[in-house]
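Note on naming: letters A, B, ... go to the chains in the order of the sequence lines (proteins, then strands), and numbering restarts at 1 for each one.
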Amino acid sequence: MPELPEVDSVKTSLNELISGKTIESVTVRYAPMIEGTPAAFQNALRGKTIESFSRRGKYLLWHLGNKTLVSHLRMEGKYYLKDAGAPMDAHEHVAFVFEDGKALHYHDVRKFGTFALRDHAEVYTTPPLDKLGPEPLSDAFTPETLRTWLKGERAIKTVLLDQRTVAGIGNIYADEILFCAGIHPKTKARRIQDADKLARCIKDILQKAVHDGGASIRSYKNTLGVSGRFQLHLSVHTKEGEPCCFCRSAIVKTKVGGRGTYYCPRCQKH
DNA sequence: CCCACTGTTTTAGG
DNA sequence: GCCTAAAACAGTGG
(Lines give C-alpha, C1' and ligand atoms only; values in the text may rest on other atoms or scores of the structure.)
Protein backbone atom coordinates (compact mmCIF):
# COMPACT_ATOMS: atom_id res chain seq x y z
CA MET A 1 0.00 0.00 0.00
CA PRO A 2 2.75 2.32 -0.95
CA GLU A 3 1.71 5.69 -2.29
CA LEU A 4 1.58 8.90 -0.28
CA PRO A 5 -2.05 8.67 0.95
CA GLU A 6 -1.70 5.05 2.04
CA VAL A 7 1.56 5.65 3.89
CA ASP A 8 -0.03 8.68 5.49
CA SER A 9 -2.86 6.48 6.75
CA VAL A 10 -0.36 3.99 8.17
CA LYS A 11 1.48 6.83 9.88
CA THR A 12 -1.72 8.10 11.48
CA SER A 13 -2.70 4.65 12.75
CA LEU A 14 0.75 3.94 14.15
CA ASN A 15 0.83 7.30 15.92
CA GLU A 16 -2.43 6.40 17.64
CA LEU A 17 -1.49 2.86 18.57
CA ILE A 18 2.27 2.57 18.86
CA SER A 19 3.72 5.96 19.82
CA GLY A 20 5.32 6.03 23.24
CA LYS A 21 6.11 2.32 23.31
CA THR A 22 9.62 1.15 24.09
CA ILE A 23 11.26 -1.54 21.95
CA GLU A 24 12.29 -4.57 23.97
CA SER A 25 13.59 -6.70 21.12
CA VAL A 26 13.50 -7.08 17.35
CA THR A 27 13.24 -10.32 15.38
CA VAL A 28 14.58 -10.40 11.84
CA ARG A 29 13.61 -13.44 9.77
CA TYR A 30 14.59 -12.10 6.36
CA ALA A 31 17.88 -10.21 6.56
CA PRO A 32 18.08 -8.73 3.00
CA MET A 33 15.30 -6.35 3.98
CA ILE A 34 17.58 -4.68 6.56
CA GLU A 35 20.39 -2.33 5.64
CA GLY A 36 23.48 -3.54 7.47
CA THR A 37 23.59 -6.59 9.69
CA PRO A 38 20.54 -7.77 11.63
CA ALA A 39 22.63 -7.81 14.82
CA ALA A 40 23.57 -4.14 14.47
CA PHE A 41 19.93 -3.33 13.66
CA GLN A 42 18.64 -5.20 16.69
CA ASN A 43 21.23 -3.74 19.04
CA ALA A 44 20.60 -0.19 17.91
CA LEU A 45 16.83 -0.50 18.36
CA ARG A 46 16.75 -2.30 21.69
CA GLY A 47 15.61 0.03 24.45
CA LYS A 48 14.60 2.84 22.13
CA THR A 49 11.32 4.66 22.77
CA ILE A 50 9.16 5.65 19.80
CA GLU A 51 8.47 9.37 19.94
CA SER A 52 6.27 9.46 16.85
CA PHE A 53 5.88 8.37 13.25
CA SER A 54 5.98 10.66 10.25
CA ARG A 55 5.92 10.36 6.47
CA ARG A 56 8.21 11.71 3.76
CA GLY A 57 7.05 10.83 0.23
CA LYS A 58 6.28 7.11 0.38
CA TYR A 59 8.64 6.54 3.29
CA LEU A 60 7.49 5.94 6.86
CA LEU A 61 9.79 7.38 9.52
CA TRP A 62 10.07 6.06 13.08
CA HIS A 63 11.40 8.82 15.32
CA LEU A 64 13.53 7.24 18.04
CA GLY A 65 15.39 10.14 19.62
CA ASN A 66 18.87 10.32 18.17
CA LYS A 67 18.00 7.62 15.61
CA THR A 68 15.38 7.48 12.86
CA LEU A 69 14.19 4.26 11.26
CA VAL A 70 13.31 4.73 7.58
CA SER A 71 10.79 2.15 6.34
CA HIS A 72 9.60 1.71 2.75
CA LEU A 73 6.62 -0.58 2.11
CA ARG A 74 7.29 -0.90 -1.64
CA MET A 75 4.53 -2.96 -3.28
CA GLU A 76 2.84 -4.82 -0.46
CA GLY A 77 4.32 -3.97 2.90
CA LYS A 78 1.94 -3.83 5.88
CA TYR A 79 2.19 -3.55 9.65
CA TYR A 80 0.05 -5.57 12.02
CA LEU A 81 -0.37 -5.03 15.74
CA LYS A 82 -0.01 -8.29 17.65
CA ASP A 83 0.66 -9.54 21.15
CA ALA A 84 4.27 -10.11 22.12
CA GLY A 85 4.97 -13.78 21.64
CA ALA A 86 2.49 -14.13 18.81
CA PRO A 87 3.93 -16.43 16.13
CA MET A 88 5.12 -14.81 12.92
CA ASP A 89 2.98 -15.64 9.90
CA ALA A 90 4.51 -16.95 6.71
CA HIS A 91 4.90 -13.50 5.18
CA GLU A 92 5.94 -11.61 8.27
CA HIS A 93 9.65 -10.88 8.16
CA VAL A 94 10.39 -8.47 11.00
CA ALA A 95 8.81 -8.23 14.46
CA PHE A 96 9.23 -5.32 16.87
CA VAL A 97 8.39 -6.45 20.39
CA PHE A 98 7.49 -3.80 22.95
CA GLU A 99 7.93 -3.72 26.70
CA ASP A 100 4.17 -3.42 27.27
CA GLY A 101 3.40 -6.87 25.84
CA LYS A 102 2.47 -5.76 22.35
CA ALA A 103 4.34 -6.24 19.11
CA LEU A 104 4.33 -4.84 15.58
CA HIS A 105 4.84 -7.34 12.76
CA TYR A 106 5.99 -6.26 9.31
CA HIS A 107 4.19 -8.28 6.61
CA ASP A 108 5.39 -8.23 3.00
CA VAL A 109 4.47 -11.02 0.57
CA ARG A 110 7.00 -9.94 -2.03
CA LYS A 111 9.80 -9.04 0.40
CA PHE A 112 10.56 -5.80 -1.45
CA GLY A 113 10.26 -3.56 1.60
CA THR A 114 13.34 -1.97 3.15
CA PHE A 115 14.51 -0.73 6.55
CA ALA A 116 17.39 1.69 7.06
CA LEU A 117 18.50 3.17 10.36
CA ARG A 118 19.95 6.68 10.36
CA ASP A 119 21.25 9.23 12.81
CA HIS A 120 18.40 11.68 13.18
CA ALA A 121 20.69 14.57 12.30
CA GLU A 122 21.43 13.04 8.89
CA VAL A 123 18.18 11.39 7.92
CA TYR A 124 17.14 14.03 5.39
CA THR A 125 20.61 14.56 3.93
CA THR A 126 21.55 10.94 3.26
CA PRO A 127 19.96 8.29 1.05
CA PRO A 128 17.22 7.41 0.58
CA LEU A 129 15.58 10.70 1.53
CA ASP A 130 18.18 13.15 0.27
CA LYS A 131 17.06 13.33 -3.35
CA LEU A 132 13.29 13.46 -2.76
CA GLY A 133 11.34 16.32 -4.29
CA PRO A 134 9.01 18.55 -2.25
CA GLU A 135 6.02 17.29 -0.29
CA PRO A 136 3.06 17.88 -2.62
CA LEU A 137 0.72 18.94 0.19
CA SER A 138 3.15 21.45 1.65
CA ASP A 139 3.86 25.02 0.63
CA ALA A 140 7.26 23.88 -0.64
CA PHE A 141 5.51 22.47 -3.69
CA THR A 142 4.31 25.16 -6.09
CA PRO A 143 3.54 25.50 -9.80
CA GLU A 144 6.98 27.10 -10.10
CA THR A 145 8.82 24.12 -8.60
CA LEU A 146 6.78 21.82 -10.84
CA ARG A 147 7.52 23.92 -13.91
CA THR A 148 11.26 23.31 -13.57
CA TRP A 149 10.55 19.66 -14.42
CA LEU A 150 8.28 20.36 -17.38
CA LYS A 151 11.11 20.15 -19.88
CA GLY A 152 12.41 17.53 -22.28
CA GLU A 153 10.88 14.60 -24.05
CA ARG A 154 9.90 12.36 -21.14
CA ALA A 155 6.26 11.33 -20.86
CA ILE A 156 4.53 13.46 -18.24
CA LYS A 157 3.48 10.36 -16.30
CA THR A 158 7.13 9.34 -16.01
CA VAL A 159 7.95 12.80 -14.67
CA LEU A 160 5.21 12.52 -12.03
CA LEU A 161 6.48 9.08 -10.97
CA ASP A 162 10.01 10.45 -10.63
CA GLN A 163 10.31 11.01 -6.87
CA ARG A 164 12.68 13.95 -7.45
CA THR A 165 9.88 15.93 -9.11
CA VAL A 166 7.51 15.63 -6.19
CA ALA A 167 7.54 13.02 -3.45
CA GLY A 168 4.89 10.37 -3.06
CA ILE A 169 3.06 9.93 -6.37
CA GLY A 170 2.75 6.32 -7.55
CA ASN A 171 0.96 4.50 -10.33
CA ILE A 172 -2.62 4.92 -9.12
CA TYR A 173 -2.42 8.60 -8.33
CA ALA A 174 -0.40 9.51 -11.42
CA ASP A 175 -3.29 8.20 -13.54
CA GLU A 176 -5.92 9.98 -11.45
CA ILE A 177 -3.99 13.25 -11.41
CA LEU A 178 -3.55 13.28 -15.19
CA PHE A 179 -7.25 12.57 -15.69
CA CYS A 180 -8.05 15.46 -13.37
CA ALA A 181 -5.74 17.72 -15.35
CA GLY A 182 -7.05 16.55 -18.75
CA ILE A 183 -3.58 15.53 -19.86
CA HIS A 184 -2.71 12.43 -21.90
CA PRO A 185 -0.16 10.37 -19.90
CA LYS A 186 2.22 10.17 -22.87
CA THR A 187 2.37 13.93 -23.42
CA LYS A 188 5.97 15.13 -23.55
CA ALA A 189 6.87 17.11 -20.45
CA ARG A 190 7.90 20.20 -22.46
CA ARG A 191 4.45 20.35 -24.05
CA ILE A 192 2.60 20.86 -20.77
CA GLN A 193 1.20 24.37 -20.82
CA ASP A 194 -0.79 24.70 -17.64
CA ALA A 195 1.56 23.95 -14.74
CA ASP A 196 -0.87 25.70 -12.40
CA LYS A 197 -3.67 23.31 -13.20
CA LEU A 198 -1.44 20.24 -12.97
CA ALA A 199 -0.05 21.36 -9.62
CA ARG A 200 -3.58 21.99 -8.39
CA CYS A 201 -4.70 18.51 -9.47
CA ILE A 202 -1.72 16.94 -7.68
CA LYS A 203 -2.73 18.67 -4.48
CA ASP A 204 -6.46 18.07 -4.89
CA ILE A 205 -6.27 14.36 -5.69
CA LEU A 206 -3.72 13.57 -2.99
CA GLN A 207 -5.53 15.65 -0.41
CA LYS A 208 -8.82 13.92 -1.10
CA ALA A 209 -7.12 10.51 -1.01
CA VAL A 210 -5.46 11.31 2.32
CA HIS A 211 -8.85 12.40 3.64
CA ASP A 212 -10.28 9.06 2.47
CA GLY A 213 -7.52 7.11 4.20
CA GLY A 214 -5.95 6.02 0.91
CA ALA A 215 -7.17 3.43 -1.55
CA SER A 216 -7.53 -0.32 -1.11
CA ILE A 217 -7.49 -1.95 -4.52
CA ARG A 218 -6.62 -5.61 -4.98
CA SER A 219 -5.73 -5.75 -1.31
CA TYR A 220 -8.14 -6.57 1.42
CA LYS A 221 -7.44 -4.18 4.23
CA ASN A 222 -4.88 -1.60 5.08
CA THR A 223 -2.53 -1.78 7.98
CA LEU A 224 -4.04 -2.38 11.38
CA GLY A 225 -7.40 -3.16 9.85
CA VAL A 226 -7.97 0.36 8.59
CA SER A 227 -9.63 0.38 5.18
CA GLY A 228 -9.15 3.16 2.66
CA ARG A 229 -12.12 4.52 0.75
CA PHE A 230 -10.49 6.35 -2.16
CA GLN A 231 -10.84 3.32 -4.45
CA LEU A 232 -14.52 4.28 -4.61
CA HIS A 233 -13.54 7.58 -6.18
CA LEU A 234 -11.14 6.34 -8.84
CA SER A 235 -11.97 7.79 -12.25
CA VAL A 236 -9.68 5.85 -14.58
CA HIS A 237 -7.25 3.56 -12.74
CA THR A 238 -8.40 -0.10 -13.07
CA LYS A 239 -11.39 1.10 -15.14
CA GLU A 240 -10.43 -0.30 -18.55
CA GLY A 241 -13.48 -0.50 -20.85
CA GLU A 242 -15.76 1.31 -18.43
CA PRO A 243 -17.40 4.58 -19.51
CA CYS A 244 -15.63 7.79 -18.54
CA CYS A 245 -17.62 9.47 -15.77
CA PHE A 246 -17.41 12.70 -17.76
CA CYS A 247 -17.84 11.86 -21.47
CA ARG A 248 -18.84 8.15 -21.43
CA SER A 249 -15.94 7.16 -23.71
CA ALA A 250 -14.42 3.77 -22.86
CA ILE A 251 -11.36 4.06 -20.61
CA VAL A 252 -8.23 2.81 -22.35
CA LYS A 253 -5.37 0.83 -20.82
CA THR A 254 -1.88 1.25 -22.23
CA LYS A 255 1.70 1.19 -21.00
CA VAL A 256 3.88 4.16 -20.09
CA GLY A 257 7.39 3.64 -18.80
CA GLY A 258 6.59 -0.02 -18.33
CA ARG A 259 3.68 0.69 -16.01
CA GLY A 260 0.04 -0.13 -16.66
CA THR A 261 -1.66 3.19 -17.45
CA TYR A 262 -5.34 4.10 -17.69
CA TYR A 263 -6.78 7.20 -19.33
CA CYS A 264 -9.83 8.61 -21.11
CA PRO A 265 -9.04 8.97 -24.85
CA ARG A 266 -11.45 11.87 -25.17
CA CYS A 267 -10.87 13.89 -22.01
CA GLN A 268 -7.08 13.52 -21.99
CA LYS A 269 -5.31 15.00 -25.00
CA HIS A 270 -1.65 15.52 -25.91
C1' DC B 1 1.61 -25.23 -17.43
C1' DC B 2 3.07 -20.70 -19.09
C1' DC B 3 2.91 -15.97 -19.48
C1' DA B 4 1.52 -11.48 -18.03
C1' DC B 5 0.54 -8.60 -14.47
C1' DT B 6 0.71 -6.34 -9.79
C1' DG B 7 0.13 0.30 -5.28
C1' DT B 8 8.31 0.26 -6.10
C1' DT B 9 12.89 1.32 -6.81
C1' DT B 10 17.43 0.62 -8.64
C1' DT B 11 20.62 -0.86 -12.03
C1' DA B 12 22.53 -2.29 -16.51
C1' DG B 13 22.95 -1.66 -21.35
C1' DG B 14 21.83 0.58 -25.82
C1' DG C 1 20.04 12.01 -20.29
C1' DC C 2 16.41 8.94 -21.74
C1' DC C 3 14.37 4.40 -22.78
C1' DT C 4 13.70 -0.45 -22.00
C1' DA C 5 14.41 -4.61 -19.62
C1' DA C 6 15.61 -6.87 -15.68
C1' DA C 7 16.20 -7.70 -10.90
C1' DA C 8 14.71 -8.22 -6.04
C1' DC C 9 9.93 -11.77 -4.77
C1' DA C 10 5.36 -14.14 -4.47
C1' DG C 11 0.74 -14.65 -5.79
C1' DT C 12 -3.13 -14.36 -9.11
C1' DG C 13 -5.66 -14.75 -13.37
C1' DG C 14 -6.24 -15.81 -18.24
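The CD-C1' distance, from A:Glu92 to C:dC9, rounds to 17 Å in whole Å. Rounded to an integer number of Å, the gap from A:Arg74 CZ to B:dT10 C1' is 7 Å. Put simply, NE2 on A:His72 is 8 Å from P on B:dT8, counting in whole angstrom units. Per the geometry, NZ belonging to A:Lys78 stands 14 Å off C1' belonging to C:dC9, to the nearest Å. If you measure from atom CG of A:Leu234 to atom P of B:dG7, you get 12 Å, rounded to the nearest angstrom. Between the CG atom of A:Leu206 and the C1' atom of B:dG7 there is a distance of 13 Å, rounded to whole Å. Atom CE in A:Met75 sits roughly 14 Å away from atom C1' in C:dA6 (whole-Å rounding). Atom CG of A:Asp175 and atom C1' of B:dT6 are 13 Å apart (whole Å).
Each salt bridge (Lys or Arg N to Asp or Glu O under 4.0 Å) pair with one or both residues in residues 144-173 of chain A, not counting sequence neighbours, appears once here: A:Glu144-A:Arg147, A:Arg147-A:Asp196, A:Glu153-A:Lys188, A:Glu153-A:Arg190, A:Arg154-A:Asp162, A:Lys157-A:Asp175, A:Asp162-A:Arg164. Sorted by first then second residue, the disulfide (SG to SG under 2.5 Å) pairs that include residues 171-200 of chain A, not counting sequence neighbours, are A:Cys180-A:Cys201. Applying the salt bridge (Lys or Arg N to Asp or Glu O under 4.0 Å) definition to pairs two or more places apart or across chains, those involving residues 18-35 of chain A are A:Lys21-A:Asp100, A:Glu35-A:Arg118. Screening residues 48-66 of chain A for salt bridge (Lys or Arg N to Asp or Glu O under 4.0 Å) gives A:Asp8-A:Arg55, A:Arg55-A:Glu135, A:Arg56-A:Glu135 as the qualifying pairs, with residues at least two apart or on separate chains. Each salt bridge (Lys or Arg N to Asp or Glu O under 4.0 Å) pair with one or both residues in residues 251-270 of chain A, not counting sequence neighbours, would appear here, but there are none. Residue pairs that meet the disulfide (SG to SG under 2.5 Å) test with at least one member in residues 116-159 of chain A, sequence neighbours left out, do not exist here.
For the C1' atoms, the distance from B:dG7 to C:dC2 is 25 Å, rounded to whole Å. The separation of B:dC5 from C:dT4, taken at their P atoms, amounts to 14 Å, rounded to a whole angstrom.
Other cluster members for A:Val252: A:Tyr263, joined by side-chain heavy-atom distances under 4.5 Å among Ile, Leu, Val, Met, Phe, Trp and Tyr. Other cluster members for A:Met88: none, since no ILVMFWY side-chain heavy atom sits under 4.5 Å from it.
In this structure A:Asp139 satisfies the salt bridge (Lys or Arg N to Asp or Glu O under 4.0 Å) test with no other residue, sequence neighbours excluded.
Using a 4.0 Å heavy-atom criterion, one finds that A:Gly113 contacts no nucleic acid atom at all. Contact annotation for A:Lys255: backbone-only contact, meaning every heavy-atom pair under 4.0 Å involves sugar-phosphate atoms and none involves a base.
With contacts defined as side-chain heavy-atom distances shorter than 4.5 Å, the pair A:Glu92/A:Lys82 qualifies.
In DNA chain B, stems built from 3 or more consecutive Watson-Crick or G-U wobble pairs, each with both distances under 3.5 Å, span B:2-6 with C:10-14, B:8-14 with C:2-8.
Judged purely by distance below 3.5 Å, without hydrogens or angles, the side chains of A:Ser71 and A:Tyr79 pair a donor atom with an acceptor atom. No side-chain donor from either of A:Thr254 and A:Thr261 sits under 3.5 Å from a side-chain acceptor of the other.
OP1 or OP2 of B:dT8 has at least one side-chain nitrogen or oxygen of A:Lys58 nearer than 4.0 Å. Distances shorter than 4.0 Å separate none of the side-chain N or O atoms of A:Lys253 from OP1 or OP2 on B:dC5. One finds a side-chain N or O of A:Tyr30 lying less than 4.0 angstrom from the OP1 or OP2 phosphate oxygen of C:dC9.
For DNA chain B, the neighbouring residues in residues 151-172 of chain A, judged by any heavy atom under 4.0 Å, are A:Gln163, A:Gly170, A:Asn171, A:Ile172.
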Identify all pairs in which a protein N or O lies below 3.5 Å from an N or O of nucleotides 10-14 of chain C, and state each distance.
| unit_1 | atom_1 | unit_2 | atom_2 | d |
| --- | --- | --- | --- | --- |
| C:dA10 | OP1 | A:Lys111 | NZ | 2.7 |
| C:dA10 | O4' | A:Val109 | O | 3.3 |
| C:dG11 | OP1 | A:His91 | NE2 | 3.1 |

